[in-house]
There are 2 protein chains.
Amino acid sequence: MNIGQAATASGVSAKMIRYYESIGLIEAPVRTEAGYRVYAGDDVHTLRFVKRARNLGFSIEETRELLALWRDKSRASADVKAFALRHIGELEARIGELQAMVKTLGHLAHHCHGDGRPDCPILEDLADAPVRQGAVRAGSRGRVRHHA
Amino acid sequence: MNIGQAATASGVSAKMIRYYESIGLIEAPVRTEAGYRVYAGDDVHTLRFVKRARNLGFSIEETRELLALWRDKSRASADVKAFALRHIGELEARIGELQAMVKTLGHLAHHCHGDGRPDCPILEDLADAPVRQGAVRAGSRGRVRHHA
DNA sequence: CTTGACCTTCCCATCACGGGAAGCTTTAGG
DNA sequence: CCTAAAGCTTCCCGTGATGGGAAGGTCAAG
């Protein structure tokens, strides 16, 4: 199985498979004499695992830990659960930040006439509101993309 | 007013002020003979506007548009409102994606014993669940960071 | 006159990819 | 058998919005 087939079978692009190999997330497969990567069913299985972890918002590093837990047949399920719950907490924190933005912006939009006149509390607020001190804009970890 | 004072007064780091200038988001200020940037009160005002727009999850490019709307005294408030509502829609879409992750992961975690035994439906599902086709992982636009 | 705080530009790293070039290999068709 | 296309290889660049830091100039206080 060449990289193209593995990509189709796993849903991970060939580009990403090579990338995951380069950062040591997945193992380097055997090669043909010509240098082509050759994948087995197990490799596709691993790639699907990675893809699903990414879809759940786990970063590459977190996915690496999940893979280690997966391969460690003797780990306690409590460890995995704690990991998952911590991640849920992070996701919820980001949701909270986004909801705060929606709330503020919704508030402003609500007070905007939305007609042909130029007065607009949205821009006025952006221009004049006090600078909030510890304003939070969340990290990139576990972030989410379109067109997966 | 040097860049350091402008940074303190606006809450935008000196590094970012130079960056915003380099991409044409803000205008290049006058310089002293020695090459130091000199800012006026209006510049700080603009920087605060930018910071607040960013805090509300607007990307740099969206912030550029907001600045143009702000400076255009004759624009209709309806234009601004539509812009804000569209952005709210995008934020809500991202919230929805994150909530879907939380839901799935919460489901899995709920079914995990979380004890000393190794069986764990979380990892089992990651390993065996079917590959979802159009899985969505959201874009980087308007993303949010920690430690603002 | 020195020290240290501030400023300047420039380059590098992040994170998780995608695009594309240049060049080799394999496969299918005539 | 030869050719064209598809597929593979590596390598480099760009993304968005920052932070870090080096190397060097400037300014104000002691």
Side-chain angles (χ1 to χ4, degrees), chain A residues 1-26 28-39 47 50-64 90 94 135-148, chain B residues 1-26 28-39 47 50-64 90 94 135-148:
Chain A
M1 195 184 224
N2 284 342
I3 200 170
Q5 272 114 40
T8 304
S10 66
V12 179
S13 73
K15 205 91 183 187
M16 275 305 102
I17 295 175
R18 293 193 197 98
Y19 173 67
Y20 290 156
E21 179 190 327
S22 79
I23 62 172
L25 183 65
I26 60 175
V30 285
R31 304 269 191 141
T32 66
E33 284 185 24
Y36 282 27
R37 290 170 178 81
V38 178
Y39 296 92
L47 285 169
V50 169
K51 185 183 172 76
R52 259 174 250 118
R54 300 283 304 120
N55 277 138
L56 288 174
F58 288 99
S59 70
I60 296 276
E61 286 314 307
E62 286 165 335
T63 301
R64 197 190 295 275
E90 289 167 12
R94 289 203 283 138
V136 164
R137 272 191 266 147
S140 50
R141 262 177 69 286
R143 75 167 168 283
V144 156
R145 74 179 132 92
H146 285 299
H147 322 304
Chain B
M1 195 185 225
N2 284 342
I3 200 169
Q5 271 114 38
T8 303
S10 66
V12 179
S13 72
K15 207 90 185 192
M16 276 303 102
I17 295 176
R18 293 192 199 99
Y19 173 67
Y20 291 157
E21 180 190 328
S22 79
I23 62 172
L25 183 66
I26 60 175
V30 285
R31 304 268 191 140
T32 64
E33 284 185 26
Y36 283 26
R37 290 170 178 82
V38 179
Y39 296 92
L47 284 169
V50 169
K51 184 183 174 75
R52 260 175 250 117
R54 300 280 307 117
N55 277 138
L56 288 174
F58 289 98
S59 69
I60 297 276
E61 287 315 306
E62 285 166 335
T63 301
R64 197 190 296 274
E90 289 166 14
R94 290 203 283 137
V136 164
R137 272 193 265 148
S140 51
R141 262 178 70 283
R143 76 167 169 282
V144 156
R145 72 177 135 90
H146 284 299
H147 322 304

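Quick note on labels: first sequence line is chain A, next is B, and so on, each numbered from 1.
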Worksheet item: Any side-chain heavy atom of B:Val50 within less than 4.5 Å of one from B:Val12?
Response: no
Worksheet item: Any idea which heavy atoms bring B:Thr63 and B:Ala53 closest together, and the distance?
Response: OG1-CB, 3.8 Å
Worksheet, complete the sentence: For nucleotides 2-8 of chain D, 5' to 3', base contacts (B), sugar-phosphate-only contacts (S) and non-contacts (-) with protein non-hydrogen atoms under 4.0 Å give -----BS
Item to complete: Check the distance between C:dC7's C1' and B:Tyr39's OH and give it to me in whole angstrom.
Response: 11 Å
Worksheet item: Which listed nucleotide (C:dT25, C:dA16, C:dC10) is nearest to the side chain of B:Lys15?
Response: C:dC10
Discussion item. So B:Arg18 and B:Arg37, do their side chains get closer than 4.5 Å, heavy atoms only?
Written reply: yes
Fill in: B:Ser13 side chain near D:dG19 phosphate (N/O to OP1/OP2, under 4.0 Å)
yes
Worksheet item: Closest heavy-atom contact between B:Gly11 and B:Lys51?
Response: O-NZ, 3.0 Å
Fill in: Side-chain N or O of B:Tyr19 closer than 4.0 Å to phosphate OP1/OP2 of D:dG19
no
Worksheet item: Rounded to whole angstrom units, what separation is found between the CD1 atom of B:Ile17 and the C1' atom of C:dT8?
Response: 14 Å
Discussion item. Just so I know, are the side chains of B:Glu90 and B:Glu62 near enough to count as touching, which here means a heavy-atom distance under 4.5 Å?
Written reply: yes
Worksheet, complete the sentence: If each end axis of the helix from C:dC1-D:dG30 to C:dG30-D:dC1 is fitted on five C1' pair positions, the angle between them, to 10 degrees, is 20°
Worksheet item: Within this structure, what is the CD-to-P distance between A:Glu33 and C:dT25, rounded to whole angstrom?
Response: 11 Å
Practice prompt. Give, for atom CG of A:Leu47 and atom CG of A:Leu25, the distance between the pair rounded to the nearest 0.5 Å.
Written response: 9.0 Å
Worksheet entry | Value in whole Å for how far the P atom of C:dC6 lies from CE of B:Met1 | 14 Å
Worksheet item: Mind checking what makes salt bridge (charged side-chain N to carboxylate O under 4.0 Å, His left out) contact with A:Glu61, not counting sequence neighbours?
Response: A:Arg64
Discussion item. Over all strands shown, is B:Thr32 touching base, sugar-phosphate only, or nothing at heavy-atom distances under 4.0 angstrom?
Written reply: nothing
Worksheet item: Are A:Tyr20 and A:Ile60 close enough that some pair of their side-chain heavy atoms sits under 4.5 Å apart?
Response: yes
Item to complete: Go through D:dT18, D:dT26, D:dT9 for me and flag the one nearest to the B:Ile60 side chain.
Response: D:dT18
Practice prompt. For A:Glu21 and D:dC11, give me the distance from atom CD to atom P, rounded to whole Å.
Written response: 12 Å
Worksheet item: Separation of B:Tyr20 atom OH from D:dG19 atom C1', in whole Å?
Response: 13 Å
Worksheet entry | Whole-Å gap separating C1' (D:dG16) and CG (B:Leu25) | 13 Å
Worksheet item: D:dT18 C1' sits how many Å from B:Arg54 CZ, rounded?
Response: 9 Å
Worksheet entry | Proximity to the side chain of A:Arg31 - top-ranked nucleotide from C:dT8, C:dG18, D:dT10 | D:dT10
Worksheet item: Where is the tightest heavy-atom contact between B:Ala14 and B:Ile3, given as atom of each residue plus distance?
Response: O-CD1, 3.6 Å
